[in-house]
Amino acid sequence: MDIAALKRDLDGLKIEDNEKIVQQKSRDFYWYSPVLKRQLDTVSGDLIVSPKNEAEVVRVLAACHRHGVPVTPRGTGTGNYGQAMPLSGGVVLSLADMNEVTSISPGRVVCGPGAIIADIDKATRAHSGQELRLHPSTYNTASIGGFIAGGSGGVGSINFGGLRDFGNVLRLRVVTMEAEPRVLDLTGEDLHKVTHAYGTNGIITEVEMPLTASYDWVDVIVGFDSFMGAARYGNALGCQDGLLTKLITPIAAPVPQNYFKRHQRFFRPGQSICLVMVAPHSLDAFLAFTRREGGEVVFNTAAMTDEEKKGLPPAFELAWNHTTLRALRVDPSITYLQSLYPFPNQLALVEEMDAMFPGEVFSHLEFVRFDGNITCFGLPLVKFTTEERLEEIIRLFQDNGCPIFNPHRYTLEEGGMKQTDQVQLAFKREADPHGLLNPGKMIAWENPEYDYRSGRTYLFKGLEKVG
Ligand SMILES: Cc1cc2nc3c(=O)[nH]c(=O)nc-3n(C[C@H](O)[C@H](O)[C@H](O)COP(=O)(O)OP(=O)(O)OC[C@H]3O[C@@H](n4cnc5c(N)ncnc54)[C@H](O)[C@@H]3O)c2cc1C
């Protein structure tokens, strides 16, 4: 790679080549996984380029294509599969400066890929009392482009499902990695080419997302004597058609007591909890339902003064992957898994898996709407001992009918459905014929013969030495 020649071609653009800063900006939250930490700790790009607009993105991609330099896009680097890490070095393309909210209308917002999700909501709320349908728990730090290219769902998925569902992304503008980069507007079926593709087949330069009515969501925490009490309540609450909630998160004791430092005074020892975000107009009916189901309301922001709420993070920052983050801050030996408990057996599966690893795996569920039904994902916390034991736990989940989306792998396929996504692959052939976008993340491109059933971990060339 002739980085010096590339830099000359990029004259006038915002470039950072200070080694320390480049390494810092070459990382994401990969260290959540002890496996990825071992494999990716030394990964770094050669320089950071921060385009201000689409024309500059086109210029960077054309120059990198000319010099054969890989490009790994980056929003704000909060992904936790090592997705934004440049395995072959080269350019880290930071989209953070392309953060403008350009238009808001009934049901839609158009913005740059680098817009922080909370900032989009701030603008749409002020404009017309609307907000995004769903967001990751990294609402306050993550970019919308990174969410679309690397995320899956989150707060709001109880009503709207995930990003993969038709209608949850309206339009994407994408720049291809060719001698003369093309700018494409993708809608409908075509969106599946680039959503959750880790930026391996195009750079998103503009997004159009659907909006829904916004509310001053009330955070409520409901306590139960048993984890299954919290899980059954969460399931029943999700099935209440008349109650508007945005988050339903059962978490097993002693996770709240041990790791939710700022909330722990609200919980009795041994109490499992369900975190809920509920719309203000649903609150009375929600409290009546909760009483009927035998839940104990231990925390309710609608009944608290500003003084009492001071210093407490919002409920969603205890949920989704923030549960793991809070546990990791207290106990660095904690890691996690991501599983699905398929409908209609979700509660039986939850009960079975919850009982299987006492003192080693701690249940954490997120109720979602999935293909029209209410079911739950799991983000169980795991007390890490060895990689072999972690693999065994994964196998036991899978053998019992709970698919694992493995957060200890950096490739699209191993972190997802363990099969080639033909739509993404075909688009990569067209949009990135030299394989320069985020190399190493799509096995189907690097090694079409790879056998996903082998049980081995795919290792990208250059990372093979770390094993
Ligand atoms: C504490 C914590 C909680 C989390 N909670 C959730 C959650 O609830 N739901 C969820 O889905 N995820 C969650 N995540 C993962 C992550 O925060 C989100 O997916 C987030 O939206 C990623 O945005 P980002 O800007 O940080 O993206 P990055 O990490 O910078 O990038 C993510 C991926 O997208 C690619 N990319 C970035 N920008 C572009 C672009 N413009 N064009 C093409 N490709 C691009 C990158 O190359 C990378 O592969 C969580 C992570 C942490 C650490």
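Counting convention: from 1, in listed order, for ligands and their atoms alike. For the numbers below, each heavy atom of this structure counts, side chains included, while hydrogens, waters and symmetry mates do not.
Counted by atom type alone, Ser214 and Gln130 present zero donor-acceptor pairs between their side chains at under 3.5 Å. The closest side-chain donor-acceptor pair between Asp331 and Ser333 falls under 3.5 angstrom. Defined by atom type and a distance below 3.5 Å, a donor-acceptor pair is present between the side-chain atoms of Tyr336 and Asn80.
The list of salt bridge (charged side-chain N to carboxylate O under 4.0 Å, His left out) pairs with a residue in residues 332-343, not counting sequence neighbours, is empty. For residues 159-211, every residue pair satisfying the ring-ring contact (aromatic ring centres under 6.0 Å, His included) rule, not counting sequence neighbours, is listed here: Phe166-His192, His196-Tyr198.
For ligand 1, the protein residues placed under 4.0 Å by at least one non-hydrogen atom are Phe29, Tyr32, Pro73, Arg74, Gly75, Thr76, Gly77, Thr78, Gly79, Asn80, Gln83, Ala84, Leu95, Pro113, Pro136, Ser137, Thr138, Ala142, Ser143, Gly145, Gly146, Phe147, Ala149, Gly150, Gly151, Ser152, Gly153, Tyr198, Gly199, Gly202, Ile203, Ile204, Trp320, Asn321, His322, Leu325, Asn438.
Legend: residues meeting ring pair (Phe, Tyr, Trp, His ring centres under 6.0 Å) with Phe267, ordered by chain and number and at least two apart, are absent.
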